[in-house]
Every structure is written in C-alpha cells, then in structure tokens.
2 protein chains.
Amino acid sequence: MDEIARLAEVSKPTVSRALSDSPLVNPATKQHVLAVAKAHGYAVNRNAQNLRNKRTNTIAVSLDFLSHKKNHISDPFIFDLLAGVSEALGELNQDLLLCAPIHNDTDAFQQILSSKVADGFIVLGQGHREQMLGDFARGGAPLVVWGAGTDETPYCVIGSDNFAGGQLAGKYFLEKGRSRFLFAGDTTYREISLRRAGLQQAADDSERSISIHDLAASQFSFESAFDLANNYLQTIDEPPDAIFAFSDTAAMAFIRAFRDHGISVPEDVSVVGYNDIPSAAYFSPPITTIRQDPYQAGRLLVSNLVNMLEGIAPVSAKIKTELIVRET
Amino acid sequence: MDEIARLAEVSKPTVSRALSDSPLVNPATKQHVLAVAKAHGYAVNRNAQNLRNKRTNTIAVSLDFLSHKKNHISDPFIFDLLAGVSEALGELNQDLLLCAPIHNDTDAFQQILSSKVADGFIVLGQGHREQMLGDFARGGAPLVVWGAGTDETPYCVIGSDNFAGGQLAGKYFLEKGRSRFLFAGDTTYREISLRRAGLQQAADDSERSISIHDLAASQFSFESAFDLANNYLQTIDEPPDAIFAFSDTAAMAFIRAFRDHGISVPEDVSVVGYNDIPSAAYFSPPITTIRQDPYQAGRLLVSNLVNMLEGIAPVSAKIKTELIVRET
DNA sequence: AAATGCATTTCAATCGATTTTTGAAATGCA
DNA sequence: TGCATTTCAAAAATCGATTGAAATGCATTT
C-alpha cells in the first residue's frame with residue numbers, strides 16, 4: 001500500500017480510504033488512487049486487514065457428510081444445500097472455509113474462532129452432536145445449524161419440517177388403504193425421529209388400526225440400506241404394505257430388495273422416500289417422496305448467521321415439505 | 001501472546017517459539033508455556049501469523065459444479081473427489097477455502113492470491129476454462145487441476161484416463177457383437193472428447209465395420225439427458241445397439257428413455273456409463289460402467305499442489321480406469 | 001581468575017493494513 | 001486584513017505475531 005501511495009503521490013491512509021470507498025477522501029483523488037491500484041494489480045492484504053479489523057469475513061462450514069467412510073451421505077440434496085450457502089456467502093463477499101470431518105469437535109471449532117480464521121459457523125447436519133453444539137453456542141459462538149431442534153435448543157436451527165413430512169407420508173399411506181407401516185431410519189437422529197413422530201401422528205389421527213414397525217438404518221449408503229432390507233425380509237412372516245424411508249436412496253434400495261423377493265411395488269407395498277433427489281423421478285418405478293428446498297435453506301442459514309454477527313437475533317425456521325406423488 | 005508471556009513469566013518470542021515447537025527453547029520452559037497457553041484457551045492469531053510469514057496454509061478449491069443452475073453436476077463422484085481433497089488437506093493442516101462459481105474468473109483467482117487469502121488453487125473441473133487456467137498458470141500461479149490436458153498444458157492435471165476408459169467401453173461393445181455405437185456426451189470438453197477418441201480407437205482396432213454416432217449432451221442433469229434421449233429417439237430410423245454415456249446419471253436417463261420407447265436394455269442395446277456411482281449397481285438394470293477412484297485422485301491433487309508450493313515440480317497423472325461389468 | 005563456548009532468552013524491527021490525532025491549506029465572514 | 005471554520009491529507013500508533021541480532025547465564029578450559 002505504501003508503494004501505491006508513492007505512485008499515486010498521496011499518503012498511505014488516503015490509499016486505504018480510497019480503496020474502502022471512504023467519504024473522507026476527495027472523489028478525484030479516489031479515482032486516481034483506484035486507477036493506480038488497478039494498473040499495478042494491487043489487492044489489499046487480507047491478513048493485515050483482518051488483523052487490524054478483528055474481523056475475517058469468513059464463515060466456516062462444517063460438512064459432516066463429507067467423508068470417505070462408508071457412512072457418508074452422497075445424496076445430491078447436500079450439494080444443493082452447500083450451493084445455497086456458497087452462493088449466498090459469495091453475494092455478501094464472505095469467504096467459505098470448508099471444515100473436514102477430522103476437525104469437527106469442540107476444540108477444533110473453538111480454535112477456528114479464537115485464532116480468528118472465521119467469524120462464525122454453519123453446521124450442515126448436526127448428527128449426534130447436539131450436546132457439543134449446544135455447549136459451543138452457549139459459550140457465545142456464532143453458530144447456525146441445519147437439522148432439527150427443540151424449544152430448548154440454544155442455537156438457531158434451520159431444517160426441513162420433518163414432523164409435517166412424516167404426516168404427509170402417513171396420510172398418503174392411509175389414502176392408499178395401507179395399515180402395516182414400516183419406518184426405515186435411525187431415530188437416534190432428531191430429524192428422523194420427528195419424521196417417525198409425524199407418521200405416528202397421522203396413524204393416530206385416523207380411526208383405523210395401524211401398526212408401525214421400526215427398522216433402524218444406521219448408515220446412509222445405498223449398499224447398507226439394501227443389506228438392511230434383505231436381512232429384514234429374511235426375518236419376517238408378513239411384509240409391511242407401506243414403507244417410509246429416510247431418504248430416496250434408501251427407498252430405492254428397499255424397492256430393489258422387495259422386488260427381488262417377489263414383493264411388487266406399488267401393488268403390494270407403497271413406498272415414500274425423502275428429499276426428492278433428481279433420480280427419484282427416473283427410477284423405475286418413479287418414487288413418491290417428500291420434497292424440500294435445500295438451496296433456499298442454505299441461503300437462509302447464511303442470512304441468519306450474518307444477522308447474528310451483526311447483533312440481530314437469528315430465527316430458527318422449518319422449511320416447508322411437500323409430497324410429490326409418483327408411482328410408488 | 002503478550003498476555004501468555006506475562007502469565008508464563010517469559011518473553012513473547014519465547015512463547016512464540018514454544019508454540020511452534022522450536023528447538024531454541026528449553027524443554028521445561030516449553031512445557032510450562034504450553035500449559036499456560038492451554039489453560040487460557042489461547043490460540044495463535046492466524047492473521048498476524050500469516051501476515052508475518054507471508055504464507056496462509058490455505059488452499060482455494062474452485063468447484064465449478066457447485067451451482068444452483070440446472071447445469072450442475074450432482075454426481076456423487078464429485079463428493080468423493082472433494083472428500084479426498086478435504087481429508088488430505090486436513091492431514092497437512094491446510095485449510096480449504098471453497099470458491100463459489102461466482103468467483104471463478106482470472107481476476108477473482110488472481111485477487112485471492114495477491115490478497116494473500118490462499119497459497120494455491122485446486123480446480124475441480126476445468127470445464128471450458130483451459131485458456132484462462134493456462135494463462136493463470138503461466139503467470140506463475142500455483143495451480144493443480146482435475147480434468148484432462150495435453151503435452152502442452154502448462155499446469156499439472158490429474159484426471160481419469162479418459163482415453164483408456166473409452167477403449168474399455170468400445171472393447172466391451174465389440175465383445176457383445178455391437179456395431180452401431182452412440183456416443184452421448186459434449187465433446188467440447190476435453191475429458192469427454194478423449195473418451196470419444198478411445199471409443200473410436202477401439203472401433204478402428206477391430207477389423208469390423210463400426211459406426212459411431214455423436215449426440216452432444218450439453219448439460220449434466222438427469223432431466224436434460226432424458227429429454228435429449230427422447231428427442232433423439234424421435235429423429236432416428238434405426239436405433240443404435242450400444243450407448244456410451246458420459247456419466248452413469250446420463251446412462252440411467254438413456255436406459256429409461258429407450259425402454260419407454262420399447263427398446264430393451266441390454267437385449268437390443270448395450271449401455272456403458274462412467275464414474276460408477278453407488279446407485280449404478282442398484283439401478284434396474286444394474287449399469288455396466290467405468291470406475292475410477294476420485295477419492296485417491298483428490299489426495300493426489302493435494303500432494304501435487306503442496307509439492308508445487310515447496311518448489312517440487314508436480315507431475316500430471318492419469319487415474320486408472322476399470323470396466324465394471326453389470327447387466328447392461 | 002580470566003577466557004571461551006554453548007544454551008537460552010530478550011530486544012527491537014518487521015509484516016501490511018486502519019484509524020485517531022494532528023496539521024496545513026482553503027474558505028467564509030466580519 | 002484578521003479570525004474562525006471547514007476540507008483534505010499526513011504522522012504516528014496499533015493490530016498480534018516472527019526472527020535475526022544481541023545479551024545473559026552457566027559450565028568448562030587454560
């Protein structure tokens with residue numbers, strides 16, 4: 001900046017002010033400085049700037065799904081979530097620091113904040129970390145989470161309206177005259193357990209006698225859901241006539257497994273997935289599913305966190321869910 | 001750091017050296033300083049550190065696919081690529097700055113470098129930016145790219161061995177006695193055109209009379225591939241007996257479209273996809289495809305870029321491809 | 001007892017910006 | 001012409017670390 005000041009024949013503070021569009025500098029001078037800076041390809045050193053300003057304009061995004069392990073979610077819907085976050089941040093001139101799973105514990109999070117690498121956190125997928133995230137938030141960390149919470153959750157949560165999603169699936173099954181439901185999903189995740197509760201609610205609201213069987217899908221991949229379905233089919237006498245799966249991927253796996261066992265979809269069993277990933281519409285049979293809008297959710301995460309950093313209280317929100325009826 | 005120095009009753013430089021595990025400080029002193037720092041939750045300010053060191057330990061990753069637009073690739077294989085990059089960087093204590101598509105031009109790239117936000121670039125998917133990336137690299141920017149290059153490409157390229165992949169598909173078709181090939185993919189992308197060339201080579205190497213028809217899939221989504229396939233089927237008299245699609249997703253779309261038109265797969269037409277995404281194995285019919293190892297490729301991108309930053313010349317590499325034979 | 005060598009530690013300058021304070025020139029008004 | 005204001009630019013302090021040079025302390029050698 002000294003160099004630019006010399007070339008523009010002004011002082012360093014004037015260059016600084018010109019570049020940050022301060023009203024304290026004469027418009028003519030400003031133009032001149034900007035031209036000189038551009039001509040010499042000068043860009044403000046962000047480290048010095050951040051050091052002085054005590055602000056980084058960087059948001060850390062924890063993507064727990066990003067893992068090589070079998071257990072990773074590869075649902076494209078995560079992509080849309082990340083796309084929403086990324087684009088919204090870009091528009092606000094905020095940088096996005098992507099945190100590997102390896103760094104996803106309290107100490108690592110705290111470290112990022114105290115070493116002034118990022119100003120706040122967006123956590124995509126709270127998983128089983130509600131306790132740790134709660135502690136972190138109560139400790140004053142700017143934090144916004146994609147997931148599901150309760151009235152007591154001490155941080156801002158944006159998530160699908162899982163309960164409503166569960167109800168939609170339940171009502172759909174009831175319309176189809178189904179009565180032996182299978183819920184496939186790991187209810188130790190709050191998101192999933194809310195869907196289960198919604199399904200239950202729909203069943204309870206009907207005057208009919210409905211059974212709900214639970215099958216804990218502990219992993220997220222196609223493979224594991226397929227294995228789970230096959231193992232399940234070995235153990236039962238009478239198959240369910242409706243399946244609500246925690247994801248479209250899992251729904252596909254279940255459909256494949258059931259068909260392999262001579263159980264036809266949708267004649268013998270109705271199936272509802274979750275997320276409405278693109279291939280759900282092109283699977284055979286095309287899958288009935290619950291759609292949400294992850295891109296908008298991503299944007300909402302950003303606006304809430306940015307508000308929080310400016311001292312405006314963020315507001316948790318549930319994203320609308322919609323039943324997309326296809327052939328299953 | 002002054003504060004920690006005072007509390008530990010040593011000087012600031014000693015604290016700095018203790019924290020960076022310098023041999024210039026007495027082991028006992030070091031222990032003491034570390035303990036004090038830990039007790040007070042102190043972390044070195046990365047902005048000050050980077051400013052002084054003129055190094056950020058941050059790598060910018062340009063993910064061109066990450067876009068809300070219809071044209072985005074949502075193949076999970078990108079996830080594995082990103083996972084490999086992310087984990088390898090994590091192990092090297094490097095941070096990952098994710099660049100939104102909005103920032104993907106030369107100026108923005110140069111800006112990131114000159115404002116000392118990141119030390120180098122990993123570009124996932126060169127797309128049609130070979131010229132700009134070439135200029136950038138020739139300008140001295142540390143840069144490693146996932147894609148395909150030529151002998152003249154001035155930057156390090158890691159990519160699938162697309163030519164070999166194309167050959168594998170071609171040989172497979174020949175074994176099946178096919179002779180009217182359809183190549184579905186946008187050959188303006190070098191990766192895709194290499195696959196096309198590999199397919200051609202396989203055809204030429206045989207003594208048989210083989211036709212290859214080209215169908216330019218300009219977008220990457222399931223939907224657009226499905227539309228493309230349907231439009232194509234309207235215009236032709238005699239359908240092909242083999243389809244090599246640029247992705248598994250596109251292969252699925254083609255299979256659906258062909259089946260809808262009463263053309264059976266694999267009886268009437270063989271299909272080979274690319275990437276071996278998890279659902280390829282569970283689609284009906286399970287898809288024959290070309291597998292690569294994007295996770296390892298991601299790691300290789302990182303090691304090459306890190307080498308480059310240390311002054312060691314990176315080496316471009318082609319990732320082995322493998323034909324996974326399933327039912328199509 | 002003085003000199004030498006070595007291991008530690010401290011001092012002071014530096015990285016590149018921002019901001020408060022200060023100062024000089026220009027303007028307005030009596 | 002003289003004094004009070006207003007504009008604009010410059011000086012200097014600051015953010016929080018790192019590092020080469022200088023200083024200190026202690027053991028060993030002569």
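Labels below follow one simple rule: chain letters A, B, ... track the order of the sequence lines, proteins then strands, and each chain is numbered from 1. What you see is a predicted model, and the numbers here were worked out from it, not measured in a lab.
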Student: In terms of ring plane angle, is the pair A:F121 and A:F136 parallel, tilted or perpendicular, where the classes change at 30° and 60°?
Tutor: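 Taking A:F136 first and then A:F121, their aromatic rings stand perpendicular (interplane angle over 60°).
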Student: Mind checking A:N53 for me? I need base, sugar-phosphate or nothing, with any heavy atom below 4.0 Å counting as a touch.
Tutor: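 Counting heavy atoms under 4.0 Å across all strands, the contact made by A:N53 is with sugar-phosphate only.
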Student: Using whole Å, what does the distance between atom P of nucleotide C:dA17 and atom CG of A:L19 come to?
Tutor: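 Between P of C:dA17 and CG of A:L19: 9 Å.
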Student: Nearest whole Å is fine: how far is D:dC15 C1' from A:R52 CZ?
Tutor: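 It works out to 6 Å between those atoms.
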Student: Check nucleotides 24-26 of chain D for protein N or O atoms closer than 3.5 Å to its own N or O atoms and list the pairs.
Tutor:
none

Student: What's the CG-P distance between B:L51 and C:dT18, to the nearest Å?
Tutor: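 The answer, rounded to whole Å, is 12 Å.
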Student: Whole angstroms only, please: what is the CG-P distance between A:D2 and C:dA17?
Tutor: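 Atom CG in A:D2 sits about 8 Å away from atom P in C:dA17.
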Student: At less than 4.0 Å, is any side-chain N or O atom of B:K116 found next to OP1 or OP2 of C:dC15? Yes or no.
Tutor: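 Answer no for this pair, as no side-chain N or O of B:K116 is under 4.0 Å from OP1 or OP2.
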Student: Should B:Q49 be listed as having a side-chain N or O under 4.0 Å from OP1 or OP2 of D:dG16?
Tutor: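 Checking B:Q49 against D:dG16: no side-chain N or O falls below 4.0 Å of OP1 or OP2.
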Student: Between A:A48 and B:S16, who's closer to the 5' end of DNA chain D by nearest nucleotide?
Tutor: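 Whichever sits nearer the 5' end wins; that is A:A48.
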Student: What N/O pairs connect the protein and nucleotides 8-11 of chain D at under 3.5 Å? Give each pair on its own line.
Tutor:
residue : atom : partner : partner atom : Å
D:dA9   : OP1  : A:T29   : OG1          : 2.9
D:dA10  : OP2  : A:S11   : N            : 2.6
D:dA10  : OP2  : A:S11   : OG           : 2.7

Student: How is the base pairing of DNA chain C summarised as a dot-bracket string, given the Watson-Crick and G-U wobble criteria with both distances under 3.5 Å, [ ] for crossing and | for another strand?
Tutor: ||||||||||||||||||||||||||||||
